[in-house]
**Student:** 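After the structure tokens below, expect a handful of questions from me.
Just follow the structure's listing: the first ligand is 1, and inside any ligand the first atom is 1.
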Amino acid sequence: MRPAARLRGPKFGGAACRFGVCLGGMEIERVDTQNSAAVWYELLRVAHPVDTPEDPPPCRDDAVGQLIHPRPDRESLLFAARAEGTPLGAYLLQRSLLENTDVACLELVVHPAHRRRGVGRALIEHLAGQAKALGCTRLVAGVEDPLGEDGPGSRFAAALGFTPVLRERRRRLDLAAVDPGEHERLLAAAREHSAGYTTVCWRDSAPEEHAADYAYLFGRLSADAPMDDLSWEPERYDIERIRTLERHILLRGFHSYAAAARHDATGRLVGVTRISLPGCHRHFAYQEETLVLPEHRGRRLGLRLKIENLLWARQHEPELRLIDTWNADSNDWMVAINERLGFRELRRSAEWEKRL
Ligand code: ACO
């Protein structure tokens, strides 16, 4: 993230918060997400040109949609800090109700015009109280930094007693910079190495006959992806949970494109990859989860699925040009595939954890 525009002014009394009200005229109050979720989007919108100008702006449908259509397997709390009605910052706390129930996942943003005045610290102190009341023992937050230096997010996290537990990197693929012949050559070779598998593609919702396999693969990712020092209980998905997630993704305005490998001998899906496009951008997407089951690895299925899915997505999304993805630094296999596809490092990122 870029150094924030700084406005040195009086500090708000973070530690002096009582009953949701802070000294210095700042109040931290729960936001009614059904009626006032737009405050979250507005803060993301004004922070974007300061923190991540190289990214497309946030989409309203995504920011607001996740709040007005909460996932039934999670509870979410949105709190905003205001002074005389003006939003200074906010946090979104999310806790899974099914696994890792001890973890409060958090997103926090402070209005660029009100940074370095204790708003962030006051919000984290408030959040810690809420998380404890929910029975959480850990706070976990994702933070991005420029490649060569620590940014405000990680400096803030370190100052507040968080430690990095999972080091990642965000990479970006610019399709305009890739030799189109290169992907074709890689795909042809990968298909030769992975005879005996057929690619199955879908948009938004897995075909009924593959939904159970897809649910299993999706959950399996949380067990197989490297987590380094982040202790993470594997997530379990069944058809009902994956269908709920597919609906939730659509309600946030995203369209998903997926490609899966069907093992011809058994008819089972043994690998999958997914790209998602936020509703307000046609040129930008996220390369989401990719998984090949251990007994089917070593056949270039991961590379094959990713290229086939890119081709599939581009059939529907001819304007697609930029695709971002995150990988743990320790995930050599996935990083190698992404580098071969032309993904290039954009920022460092990390999951930071604080024990309560
Ligand atoms: N550079 C160096 N240290 C910083 C910076 C910075 N830009 N910002 C905060 N800190 C550290 C300092 O130690 C500071 O204490 P000090 O001012 O007495 O030196 C301490 O953090 C507390 O700072 P606050 O004033 O409470 O933080 P602020 O209100 O400015 O919010 C935040 C900081 C949330 C990182 C803001 O810059 C922001 O919204 N950035 C974009 C989104 C983001 O990165 N979110 C945080 C993710 S990490 C997490 O949630 C645990």
**Student:** When you measure from atom 47 (C) of ligand 1 to each heavy atom in V143, L127, L139, L88, which option holds the nearest one?
**Tutor:** V143
**Student:** Determine whether the side chains of S205 and R243 contain a donor N or O and an acceptor N or O closer than 3.5 Å.
**Tutor:** yes
**Student:** Do any nitrogen or oxygen atoms of R116 come within less than 3.5 Å of a nitrogen or oxygen of ligand 1?
**Tutor:** yes
**Student:** Over 60° means perpendicular and under 30° means parallel, so tell me whether Y214 and W202 are parallel, tilted or perpendicular.
**Tutor:** perpendicular
**Student:** Taking atom types as modelled and ignoring hydrogens, do the side chains of E317 and Y257 form a donor-acceptor contact shorter than 3.5 angstrom?
**Tutor:** yes
**Student:** Can you check whether I124 has an N/O within less than 3.5 Å of an N/O in ligand 1?
**Tutor:** no
**Student:** G118: heavy atom below 4.0 Å from ligand 1, yes or no?
**Tutor:** yes
**Student:** Will you find, in the side chains of S349 and R170, an N or O donor that is under 3.5 Å from an N or O acceptor?
**Tutor:** no
**Student:** I want to confirm something. Looking only at heavy atoms, which of L43, T52, V119, L108 is nearest to atom 45 (N) of ligand 1?
**Tutor:** L108
**Student:** If the contact criterion is a heavy-atom separation under 4.0 Å, does F162 count as touching ligand 1?
**Tutor:** yes
**Student:** Does either side chain, that of T273 or that of N309, offer a donor lying less than 3.5 Å from an acceptor on the other one?
**Tutor:** no
**Student:** Just to be sure I read this right, does ligand 1 sit under 4.0 Å from the backbone of V110, its side chain, both, or neither, counting only heavy atoms?
**Tutor:** both
**Student:** Run through the side-chain heavy atoms of Ile, Leu, Val, Met, Phe, Trp and Tyr, join any pair under 4.5 Å, and report what else lands in L250's cluster.
**Tutor:** none
**Student:** Any salt bridge between D329 and R167, counting N to O under 4.0 Å?
**Tutor:** no
**Student:** Suppose I only count heavy atoms of V109 and a 4.0 Å limit; which atoms of ligand 1 are within that range?
**Tutor:** 39 (O)
**Student:** From atom 40 (N) of ligand 1, work out which of R117, R115, E107, R121 has a heavy atom at the shortest distance.
**Tutor:** R115
**Student:** Going by the atom numbers of ligand 1, which of them fall below 4.0 Å from some non-hydrogen atom of A159?
**Tutor:** 11 (C), 13 (O), 21 (O)
**Student:** Given T163 and R355, is the side-chain hydrogen bond (donor to acceptor under 3.5 Å, both in side chains) satisfied, shown in steps?
**Tutor:** CA-CA 9 Å; T163 50; R355 299 260 167 190; over 6 Å; no
**Student:** Between L106 and ligand 1, which residue portion shows a heavy-atom distance shorter than 4.0 Å: side chain, backbone, both, or neither?
**Tutor:** side chain
